[in-house]
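All residue numbers in this chain count up from 1 along the given sequence.
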Amino acid sequence: MPKYNRTEIIVRLVILDEYCRCMSHITDDMMKTGEGQKMNAEQMTISDITAMAASGDMRDFYNSRAWRNLSHKVIKAGNGECCMCRQLGKVTAATLTHHVNELKARPDLAYSLTYVDEHGMEKPQLIPLCHDCHDKIHERGIYAEPDKAKENKFWQEELW
């Protein structure tokens with residue numbers, strides 16, 4: 001796990017709070033129209049999701065009809081725009097829906113539009129993002145912190 005100094009942690013928390021705030025109107029609208037109601041017959045159980053998270057293979061969840069339908073509704077409710085890019089004044093197409101609380105930690109929120117934080121505030125659980133912003137959040141691809149072992153994996157010292 002990467003180590004961050006105090007300033008980096010504060011910046012990350014501010015960014016998280018900003019994109020949660022930008023989604024509040026979207027989840028309010030979806031709740032008013034009855035979209036995204038919890039637990040229908042197509043949805044997986046919490047124990048199924050927990051087992052998948054433990055095995056590290058979430059393909060069945062993300063390929064399920066229930067998830068794809070809910071993800072599509074979240075993206076549509078966000079006008080098809082990435083929530084984080086919108087905060088930066090950019091217009092970028094949202095290509096996926098992000099769980100603010102990861103499924104491994106909170107499988108009970110898999111299909112939930114909102115969650116209640118430690119201060120009792122209701123916040124969006126599902127937000128539309130572009131692929132680039134999703135990589136930033138999860139520190140993948142070009143946003144991954146280089147690991148010393150990975151940096152040197154192609155370097156082999158010749159010993160004669």
Worked verdict on Phe61 versus Met44 for side chain to side chain contact (heavy atoms under 4.5 Å, CB included) | CA-CA 8 Å; Phe61 173 77; Met44 296 180 182; 4.2 Å; yes
Does the pair Asp60 and Met52 meet the rule for a side chain to side chain contact (heavy atoms under 4.5 Å, CB included), with working shown?
-> CA-CA 8 Å; Asp60 288 342; Met52 281 188 270; 3.7 Å; yes
Is the Trp67-His99 ring centre distance short of 6.0 angstrom?
->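 Here the rings of His99 and Trp67 have centres that are less than 6.0 Å from each other.
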With no hydrogens and no angle check, is any side-chain donor or acceptor of Asn63 less than 3.5 Å from a backbone partner on Arg59?
->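 Yes, Asn63 side chain to Arg59 backbone: donor-acceptor pair under 3.5 Å.
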To the nearest 0.5 Å, what is the distance between [atom1] ([X]) and [atom2] ([Y])?
X	Y	atom1	atom2	result
Ile75	Leu96	CD1	CG	6.5 Å
Ser64	Ile49	OG	CD1	8.0 Å
Asp108	Ser47	CG	OG	12.5 Å
Asn69	Tyr111	CG	OH	10.5 Å
Arg140	His134	CZ	NE2	5.5 Å
Ile46	Leu109	CD1	CG	8.5 Å

For the pair His98 and His138, name the ring-plane relationship: parallel under 30°, tilted 30 to 60°, perpendicular over 60°.
->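 The rings of His98 and His138 stand perpendicular, inter-plane angle above 60°.
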Gln43 and Ala66: which non-hydrogen atoms are nearest, and at how many Å?
->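 Gln43 and Ala66 have their closest heavy atoms at CG-CB, 3.6 Å.
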Quickly, which of Glu81, Lys136, Met84 forms a side chain to side chain contact (heavy atoms under 4.5 Å, CB included) with Leu129? Name it, please.
->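 Only one option passes, and that is Met84.
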Heavy-atom side-chain contact between Cys133 and Cys85 under 4.5 Å |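 A side-chain contact under 4.5 Å exists here.
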Check Gln125, Arg106, Lys123 against Asn101 for a side-chain hydrogen bond (donor to acceptor under 3.5 Å, both in side chains) and give me the one that passes.
->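 Testing Asn101 for a side-chain hydrogen bond (donor to acceptor under 3.5 Å, both in side chains) against Gln125, Arg106, Lys123 leaves exactly one candidate, Gln125.
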Full working for side chain to side chain contact (heavy atoms under 4.5 Å, CB included) between Leu126 and Thr114 = CA-CA 7 Å; Leu126 300 174; Thr114 61; over 6 Å; no
Would Tyr62 and Leu103 satisfy side chain to side chain contact (heavy atoms under 4.5 Å, CB included), going step by step from the backbone distance to the final call?
-> CA-CA 11 Å; Tyr62 288 114; Leu103 285 180; 3.5 Å; yes
